[in-house]
Amino acid sequence: MNLKAERGAATRDKVLSIATRLFADRGYDDTSIETVLQESGLSRGALYHHYAGKEALFEAVLEATESAIGVKIAQAVQGITDPAAALRAGVIAWIRLAGDPVIKRIVLIDAPSVMGWERWRAMEERYSFGMLKGALELTGAVPPEFLDLHAHMLLAAVNESALLVARGGDHATAEAAVEEFLHRLLHP
């Protein structure tokens, strides 16, 4: 990589780190581009060279956060050969991750309203929904013609549980409830 490309990557990483912290602490609506500029020391032109605006910056933060979540969930299921056990482990990992203030604010609270449902769902398809649908398919518990519907229903239930945990609920109780739900789904 040449020096100019390295500097550009370093600038993007710096801005993403600052924006992630600000969006998580303050939320999308209460985070201004001016604050990002102040904390990063960048000029407006330099910031807009990398990101077209606040929404584009948020989308980049969301993409990075979703990617990190995917890595952590993949680590949680690594080595598990039983598809149902892997699905349970992945969902429980997501429930645990939902308590993280960054994930809670950026992914669960702000993303649907900032991105709009269709763009947010498209990103979810590439990350958590896609992983969940693939894992559910591997279990063989759902007929192929109902796979998409069941995956949506499961995601809704899991995300609602994640929101309950993220909003200060009892992690252990939510994890146990989700695990029981998954057990009933996969072993009717």
Side-chain angles (χ1 to χ4, degrees), residues 20-21 23-31 55 58-59 61-78 80 82-188:
T20 299
R21 181 178 45 77
F23 287 136
D25 290 347
R26 301 175 181 196
Y28 179 82
D29 290 336
D30 293 330
T31 299
E55 190 175 311
F58 180 85
E59 187 171 350
V61 165
L62 177 61
E63 185 94 32
T65 305
E66 288 277 11
S67 179
I69 291 167
V71 167
K72 290 177 181 173
I73 291 173
Q75 290 170 343
V77 302
Q78 188 174 7
I80 301 174
D82 175 50
L87 177 62
R88 282 192 300 275
V91 168
I92 295 301
W94 166 234
I95 296 297
R96 289 178 180 150
L97 289 167
D100 180 297
V102 172
I103 293 169
K104 175 176 83 170
R105 185 61 191 229
I106 292 170
V107 176
L108 295 172
I109 296 172
D110 283 348
S113 63
V114 173
M115 302 286 293
W117 191 88
E118 293 206 11
R119 283 180 48 223
W120 176 62
R121 176 58 69 202
M123 188 177 287
E124 288 286 301
E125 183 79 37
R126 292 192 311 273
Y127 293 103
S128 58
F129 181 70
M131 291 173 71
L132 181 69
K133 188 175 172 181
L136 187 58
E137 182 177 29
L138 287 175
T139 67
V142 177
E145 65 270 19
F146 297 116
L147 181 63
D148 198 59
L149 175 65
H150 279 79
H152 278 283
M153 292 169 51
L154 180 56
L155 181 65
V158 169
N159 279 347
E160 184 63 25
S161 299
L163 279 167
L164 290 171
V165 169
R167 293 194 179 271
D170 178 3
H171 284 83
T173 300
E175 288 173 19
V178 169
E179 193 153 359
E180 175 64 20
F181 168 74
L182 287 172
H183 178 75
R184 289 176 187 270
L185 174 74
L186 300 172
H187 302 97

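Because the structure is a prediction, the values reported are computed rather than measured.
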Val114 vs Trp120 side-chain heavy atoms within contact, under 4.5 Å: no
Nearest heavy-atom neighbours spanning Ala76 and Ile80: O-CD1, 3.7 Å
Approximate separation, where rounding is to 0.5 Å, of Met115 CE and Phe58 CZ: 7.5 Å
Side-chain heavy atoms of Leu155 within contact of Arg121, under 4.5 Å: yes
Check: Val158 and Trp94 side chains under 4.5 Å, non-hydrogen atoms: yes
Non-hydrogen side-chain atoms of Ser67 and Tyr127 separated by less than 4.5 Å: yes
Ser161 side chain to Ala157 backbone, donor-acceptor under 3.5 Å: yes
Point-to-point distance, once rounded to the nearest 0.5 Å, from OG1 of Thr139 to CG of Asp82: 9.5 Å
Nearest-0.5 Å distance that lies between atom CD1 in Ile92 and atom CG in Leu97: 11.5 Å
Spacing of OG1 belonging to Thr31 relative to CG belonging to Asp25, to within rounding of 0.5 Å: 8.0 Å
salt_bridge(Arg126, Glu63) N-O dist < 4.0 Å: yes
Heavy-atom side-chain proximity of Ile73 to Val91 below 4.5 angstrom: no
Atom of Leu87, atom of Ala135 and distance for their closest heavy-atom approach: CD1-CB, 3.7 Å
Inter-residue atom distance Arg105.CZ - Arg26.CZ, 0.5 Å rounding: 12.0 Å
Within 6.0 angstrom of Glu180 CD, more than 12 heavy atoms from elsewhere: yes
Considering all heavy atoms, the nearest Glu66-Ser128 contact: OE1-OG, 4.2 Å
Spatial distance of atom CD1 (Ile103) from atom CD1 (Ile69) [nearest 0.5 Å]: 4.0 Å
Considering all heavy atoms, the nearest Ala151-Leu132 contact: O-CD2, 3.7 Å
Pair Tyr28, Glu55: side-chain N/O donor-acceptor within cut-off below 3.5 Å: no
Results of side-chain contact (heavy atoms from CB on, under 4.5 Å) for Pro143 - residues two or more places apart only: Glu145, Phe146
